[in-house]
Amino acid sequence: MASSSLCHRYFNKITVTPFFNTKKLHHSSSRRISLRVNRRSFSISATMSSSTKKVLIPVAHGTEPFEAVVMIDVLRRGGADVTVASVENQVGVDACHGIKMVTDTLLSDITDSVFDLIMLPGGLPGGETLKNCKPLEKMVKKQDTDGRLNAAICCAPALAFGTWGLLEGKKATCYPVFMEKLAACATAVESRVEIDGKIVTSRGPGTTMEFSVTLVEQLLGKEKAVEVSGPLVMRPNPGDEYTITELNQVSWSFEGTPQILVPIADGSEEMEAVAIIDVLRRAKANVVVAALGNSLEVVASRKVKLVADVLLDEAEKNSYDLIVLPGGLGGAEAFASSEKLVNMLKKQAESNKPYGAICASPALVFEPHGLLKGKKATAFPAMCSKLTDQSHIEHRVLVDGNLITSRGPGTSLEFALAIVEKFYGREKGLQLSKATLV
């Protein structure tokens with residue numbers, strides 16, 4: 001949907017300055033190649049150059065999970081080889097808002113590795129931990145000296161890059177409450193994404209997708225960035241007040257605290273899952289993340305490893321004010337084939353209690369199981385042909401009575417804010433929108 005003209009609007013503002021030595025970035029690897037000639041098979045070894053760009057994303061306890069996950073997801077969509085490294089002494093990381101992730105490796109094991117880009121997420125206390133990590137500081141400073149790309153978002157530009165002296169004489173931006181600190185070590189600007197030479201900075205959760213697509217463009221070119229951004233369904237007007245379309249308005253009620261179930265499965269879209277969990281926990285809802293299958297650890301669509309709170313078998317024992325599904329092709333297919341989850345959703349709908357889905361899930365889960373009967377819905381653009389009623393598919397977030405649906409990763413924050421609004425009111429939704437820089 002959405003994206004060619006939108007992306008060109010972003011990218012035309014960017015001045016790209018060459019920042020790398022191509023000789024240093026020419027990685028070689030030994031490969032075995034199989035050939036078949038005249039019906040005979042041969043196997044030979046050869047040294048092949050690889051132009052795959054290597055990206056490091058360090059994380060810590062207290063990292064902002066939505067920022068980290070969007071960075072990982074979008075750069076992997078672009079074809080980059082992304083390494084997610086824990087600066088803690090374990091690969092499991094407890095990010096903000098109770099979101100648990102499992103990283104690829106420990107930073108201590110890869111300090112001699114060379115990357116084309118090192119990008120730091122924000123979040124507290126994660127940002128402080130990254131700032132105080134001496135091996136990471138050394139890697140980032142060497143990256144800078146060698147003329148390779150560094151990037152940071154939220155508190156990290158001020159806390160890490162500023163403290164390490166990388167921003168002297170540079171323009172940079174960061175999360176609003178850190179602007180005064182940033183101004184002491186850089187020329188502080190309020191851009192959603194700021195590029196100055198080989199330093200790229202950004203502001204917070206709501207700017208992370210623009211930030212990440214910009215870095216795809218820096219590493220892999222404008223054409224690749226446009227290609228990546230299309231399926232994201234990015235906002236056409238970033239920074240403007242979010243809107244929702246509502247039909248057949250009803251009140252979403254709860255007692256005490258909203259009880260919300262977010263199922264996840266292998267292949268779920270990690271950006272959508274984390275956006276929903278993150279924003280609803282910021283609103284102080286009780287969010288239960290339940291994994292399908294026999295393991296709490298789920299490998300999402302772009303190989304981010306998320307850890308659920310409980311298995312669905314355990315979650316089934318309770319009732320919920322809302323059951324809401326992230327998308328992702330593999331995850332949606334797993335949801336659709338789960339008799340247990342489908343029965344929970346049908347019971348939810350029959351009880352006139354809210355239920356919702358984003359991306360592939362309205363089309364692959366709700367539609368075939370009769371959960372959209374008599375309802376208007378939207379879905380991921382390429383999936384909308386599977387909807388019986390396509391009259392309202394162009395809406396980014398659509399509420400029809402107790403049903404809420406949305407389109408894709410780029411609408412996931414708006415989707416989550418709409419849920420907040422339905423439970424807590426418009427003022428609360430706008431408050432969280434401002435805090436997350438949507």
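Reckoned from all heavy atoms, side chains included, excluding hydrogens, waters and symmetry mates.
The six-membered or imidazole ring of F366 lies near that of Y355, with a centre-to-centre distance under 6.0 Å.
Between the side chains of S301 and E270, at least one donor N or O sits under 3.5 Å from an acceptor N or O. Side chain to side chain, N286 and Q259 meet the donor-acceptor criterion of an N or O pair below 3.5 Å. For the residue pair T411/S406, the side-chain donor-acceptor check at 3.5 Å is satisfied.
Judged by distance alone, the side chain of T378 and the main-chain N or O of I393 form a donor-acceptor pair under 3.5 Å. Not a single donor-acceptor pair under 3.5 Å links the side chain of T63 to the backbone N or O of V59. With hydrogens and angles ignored, the 3.5 Å screen pairs a side-chain donor or acceptor of S337 with a backbone N or O of A334. The main-chain N or O of P362 is never found under 3.5 Å from a side-chain atom of E367 such that the two would form a donor-acceptor pair. Of the possible polar contacts, one joining the R281 side chain to the H97 backbone as a donor-acceptor pair under 3.5 Å is found. Judged purely by atom type and a 3.5 angstrom limit, T201 uses its side chain to pair as donor or acceptor with the backbone of T173. At least one donor-acceptor pair under 3.5 Å links the side chain of Q348 to the backbone N or O of P354. E269 places a side-chain N or O within donor-acceptor distance of the main-chain N or O of M271, the cut-off being under 3.5 Å. A donor-acceptor contact shorter than 3.5 Å links the side chain of S295 to the backbone of E297.
Taking the charged nitrogens against the carboxylate oxygens, E316 and K340 do have a contact shorter than 4.0 Å, which makes a salt bridge. Remark: R76 engages D104 in a salt bridge, criterion side-chain N to carboxylate O under 4.0 Å. A salt bridge links K198 with D144; the closest basic N to acidic carboxylate O contact falls under 4.0 Å. Salt-bridge annotation for D116 and R148: absent, with no side-chain N of the basic residue lying under 4.0 Å from a carboxylate O of the acidic one. At a threshold of 4.0 Å, the pair E227-K224 counts as salt-bridged, since one of the basic side-chain nitrogens sits closer than that to a carboxylate oxygen. Between K54 and D81 a salt bridge is recorded (basic side-chain N to carboxylate O distance below 4.0 Å). Contact check on E350 versus K346 returns no salt bridge, with no Lys/Arg side-chain nitrogen under 4.0 Å from an Asp/Glu carboxylate oxygen. Between D240 and R192, none of the side-chain N atoms (NZ, or NE/NH1/NH2) sits under 4.0 Å from a carboxylate O, so this pair counts as no salt bridge. The existence of a salt bridge linking E64 and R282 is confirmed by a sub-4.0 Å separation between a basic side-chain nitrogen and an acidic carboxylate oxygen. The residues R302 and E272 are annotated as not salt-bridged, no charged nitrogen and carboxylate oxygen being separated by less than 4.0 angstrom.
Each of D389, T405, D400 was scored for a side chain to side chain donor-acceptor pair (under 3.5 Å) with K376, with one residue passing: D389.
Side chains of H61 and P125 form no contact here, defined as non-hydrogen atoms less than 4.5 Å apart. At least one side-chain heavy atom of S361 sits under 4.5 Å from a side-chain heavy atom of F335.
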Expected list for residues 414-425: side-chain donor-acceptor pairs under 3.5 angstrom, two or more places apart:
from, atom 1, to, atom 2, distance (Å)
E414, OE1, R396, NE, 2.9
E414, OE2, R396, NE, 3.4
E414, OE2, R396, NH2, 2.8
E421, OE1, Y242, OH, 2.6
E421, OE1, R426, NH1, 2.8
K422, NZ, E246, OE2, 2.6
K422, NZ, V250, O, 2.7
Y424, OH, A283, O, 3.2

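K353 meets the salt bridge (Lys or Arg N to Asp or Glu O under 4.0 Å) test with no other residue; sequence neighbours excluded.
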Which is it for V93 and V102 under the side chain to side chain contact (heavy atoms under 4.5 Å, CB included) test, yes or no, and what are the steps along the way? CA-CA 6 Å; V93 166; V102 178; over 6 Å; no
Candidate pair E394 and R407, rule salt bridge (Lys or Arg N to Asp or Glu O under 4.0 Å), full reasoning: CA-CA 9 Å; E394 293 301 320; R407 309 214 76 187; 3.8 Å; yes
Criterion side chain to side chain contact (heavy atoms under 4.5 Å, CB included) on Y320 and I323, from CA distance to verdict: CA-CA 7 Å; Y320 300 92; I323 301 175; 4.3 Å; yes
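Nearest heavy-atom pair, V324 versus P263, reported as atom, atom and distance to 0.1 Å: O-CD, 3.3 Å. Looking at every heavy atom in both residues, S212 comes nearest to M119 through OG-CE, 4.5 Å. The shortest heavy-atom contact between G122 and C155 is CA-SG, 3.9 Å.
Annotation for K171: atom NZ does not count as buried by contact number, only 12 or fewer foreign heavy atoms lying within 6.0 Å.
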